[in-house]
Amino acid sequence: MLVVYSLLQWPPVSSIRDALYAFDGRSNTRYWYLNIGIRGVPRWLGFVRFDAVVFHNTFLWDRVNPPRMQGHLRKLRRLGAYGARRVALPQDEYLHSRALVHLISELEIDHVFSVAPESEWDKLYDGLDHDRVGISRVLTGYLAPETVARIDAIVGAQGERPIAIGYRAARLPPSLGRHGLLKTEIARRVLTAGAARGLTLDVATGPAATIRGEDWYRFLAACRYTIGVEGGASMHDPEGAILATSVRYLKDHPGASFEEVEAACFPGADGDLAYVAISPRHLEACATRTAQILVEGSYNGILRPGEHYIELRRDFSNLEEVLDMIEDDSERARLTEAAYRDVVASGEYTYERLVRDVEVVALADARAAQPSRALDTLYHWARVTDRLSWIKVALWVHSSARLRSCALRTLPEPVLAFIRCRVAGTAAETAALQSAE
C-alpha cells in the first residue's frame, strides 16, 4: 500500500508523526510513503503495482490551497493507474468540503474514512456518488502502544501533582462557530472561578502557550484535572468563504467580538452543523491518568459522564458544583482508573485498530504478494528516500526562515526563486512551496 502525504513541518508535531507512520509495522502489509509536498514521484515507483493507496489527511488538507493541490495532482499523474483500491483519511471536513468532494471524484477514491458523525455526511459530502464511494467513521487520533509506554514512565516519575487544573488551547477563528469558541470560553470561566477559590491553575490559550512533544505528557502528568471540549465546529464552510470573510473583517476590526463578526460575516449560519468528535487530547488525558472535566457531549460514545469524566454543562451553570468536586477530590481516583482501564488498557483505541479498519476495506480483494528480490530492493530504497525527504523538509524550513529575514529580503526575486528551487528540488515543487508560504 502507498501512503500519499504532504508535510512541510520541521520538526513534525509528535502526534502528527505518530498518526502518519501508524501504518508502518502494524501488520504484514508493506507501506510505502511518498511526501508529495516536498518531492516528485520517482519513475521507479511506477513499476510497483500497489494493491491500494491511502490519501492521508495531510495531503487532503492542501485542498485549501488550490495551486498547491494542482501541483500535487500533476505529480501523481506519473503513477498512472495506481492502486486497485483508493481510500481517503480526511479531517476538518467542515472546511472546503466541496473541494474535498471534487478531489474524491478526481482521484477515483473508493472509500472515505470520515471523522464526522454519520448524521452530517449528507451535508459534508453533498454531490458525492454514494453508490460508488463508501463512508465509515474513524477517530481523529489513536494511542500508540509505544507512546503509552513512554507516558507510563513519565507518570511513574512524576509523583505528586502540584497543579489542580491544567489546560492549553488555541484561539480558534470565529468561522468554526460557537463550538470552537467554547475552547477559549471554558478556559476563561474556569480560570476566573478557580482563582477565586485559590486553586492552583495553569490554564492558558494562544500560540505562545503551546506545549509540544513529551513536555505535553509531563504537563498533563503534573495536573490533577484538565478541562476540555469535543473537537470540531458548529458551522459548515463548504468553500472557505466564511473563513476568508472573517479573517478580512478581523484584520479591519481587531478585537471584534464573536457576535460582531457573526453579524457582519455569517448571520444565522452558526449551528447548521454538528461536526464533533473526541480528540487525541482526551485519550492522552486517560493515558496520563489526569481526571477530565468536559463540556457535555457524545465523545464518540467512548467517554461517559460520571464514569470517565465530570460533566460541565454547556452554559457553565454547574461550574461551582464541579469546582466543589475538585476541591473535595474524592472521585478523581475512581474516574482516572476507569478511564485508563476502558480506554487505554483495553487496547480498543490504538492505531492497530485504525490499520485494521483501513485494511479490511482497502485490501478486501488483494492477494498475498509473491516474493521478489527486485520488489524488496525497491521497497528498502523507498524507505531510504522517504527518510531523505525529511532532510529536504528540514532544509526547506531552515531556508524559508532565512529567506524571511531582513537581509535576504533585499535579494532579487529570481535569486530567491533559484535558492528555493535548489532546496525543493524542482521548479514545479518550488511553485507549490511558494504558494504554501
Side-chain angles (χ1 to χ4, degrees), residues 1-10 12-13 15-24 31-42 45-46 48 50 52-83 85-116 124-125 128 133 135 138 140-141 240 351 354-355 358 361-362 382 385-387 389-390 392-393 396-397 424-426 428-437:
M1 290 178 70
L2 174 66
V3 178
V4 178
Y5 69 104
S6 175
L7 265 181
L8 296 174
Q9 184 186 75
W10 185 263
V13 175
S15 59
I16 296 177
R17 181 198 60 220
D18 288 348
L20 174 62
Y21 289 102
F23 295 95
D24 198 21
Y31 284 91
W32 307 54
Y33 284 85
L34 176 65
N35 190 350
I36 202 73
I38 198 68
R39 58 185 294 210
V41 177
L45 201 61
V48 183
F50 292 104
V53 178
V54 176
F55 291 100
H56 194 259
N57 69 75
T58 54
F59 165 80
L60 297 167
W61 174 247
D62 283 344
R63 67 186 181 273
V64 305
N65 188 331
R68 181 168 173 74
M69 179 54 74
Q70 287 305 311
H72 296 341
L73 296 176
R74 283 193 296 272
K75 295 177 191 178
L76 287 172
R77 290 191 187 106
R78 174 174 285 185
L79 282 176
Y82 52 93
R85 298 273 294 176
R86 303 178 189 184
V87 301
L89 287 167
Q91 293 198 14
D92 300 306
E93 298 146 276
Y94 62 88
L95 183 61
H96 286 274
S97 59
R98 286 182 185 164
L100 179 58
V101 170
H102 177 75
L103 264 177
I104 291 168
S105 298
E106 185 167 352
L107 293 168
E108 298 181 345
I109 288 169
D110 303 290
H111 196 93
V112 175
F113 291 94
S114 170
V115 299
L124 296 169
Y125 293 98
L128 192 68
V133 183
I135 305 180
V138 293
T140 58
Y351 278 110
L354 174 65
V355 172
V358 170
V361 173
T385 56
D386 183 57
R387 299 300 182 266
S389 74
W390 283 105
K392 211 172 185 181
V393 170
W396 178 77
V397 169
T426 69
E429 286 176 318
T430 301
L433 296 176
Q434 287 173 304
S435 299
E437 288 181 19

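The basis for the numbers below is simple: all heavy atoms, side chains too, and nothing from hydrogens, waters or symmetry mates.
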* Atom pair CD1 (Ile135) and CD1 (Ile104), whose distance is rounded to the nearest 0.5 Å -> 7.0 Å
* **Any Tyr21 side-chain heavy atom under 4.5 Å of Pro12 side chain** => no
* Asked: What heavy-atom pair brings Arg63 and Asp92 nearest, and what distance separates the two atoms?
  -> NH2-O, 2.8 Å
* Structure fact -> Here the pair of heavy atoms bringing Tyr5 nearest to Thr58 is CB-OG1, 3.2 Å
* **Donor-acceptor under 3.5 Å (Lys75 side chain, Ile36 main chain)** => yes
* To do: Indicate yes or no for a side-chain donor-acceptor contact from Asp110 to the backbone of Val87 under 3.5 Å, with no hydrogens or angles considered.
  => no
* To do: Taking side chain to side chain donor-acceptor pair (under 3.5 Å) as the test, write out the residues that go with Tyr33, two or more places apart.
  => none
* To do: Flag the pair Ile109 / Val53 as yes when at least one side-chain heavy-atom distance between them is below 4.5 Å, and no otherwise.
  => no
* **side chain to side chain donor-acceptor pair (under 3.5 Å) against Tyr351, all qualifying residues, sequence neighbours excluded** => none
* Structure fact -> Distance col, row His102:NE2 vs Met69:CE, nearest 0.5 angstrom, shows 10.0 Å
* Looking only at heavy atoms, which two atoms of Ser389 and Asn35 are closest? And how far apart? -> OG-CB, 4.1 Å
* Asked: Does a donor on one side chain and an acceptor on the other come within less than 3.5 Å for Asp62 and Ser6?
  -> yes
* Taking ring pair (Phe, Tyr, Trp, His ring centres under 6.0 Å) as the test, write out the residues that go with Phe23, two or more places apart. => Tyr31
* Asked: Taking only residues two or more places apart in sequence or in another chain, which ones pass side chain to side chain donor-acceptor pair (under 3.5 Å) with Asp24?
  -> Arg383
* **Pairwise distance CG(Leu8) to CH2(Trp396) - rounded to 0.5 angstrom** => 5.0 Å
* Asked: About how many Å separate CG of Leu103 and CG of Leu73, when rounded to the nearest 0.5 Å?
  -> 6.0 Å
* Could you state the interatomic distance from CG (Asp386) to CG (Leu20), rounded to the nearest 0.5 Å? -> 7.5 Å
* **Listed partners of Trp61 passing ring pair (Phe, Tyr, Trp, His ring centres under 6.0 Å), at least two apart** => none
* Asked: Who passes ring pair (Phe, Tyr, Trp, His ring centres under 6.0 Å) against Tyr94, sequence neighbours left out?
  -> Tyr275
* Does the side-chain contact (heavy atoms from CB on, under 4.5 Å) test come out yes or no for Trp390 and Leu7, once each step is laid out? -> CA-CA 9 Å; Trp390 283 105; Leu7 265 181; 3.7 Å; yes
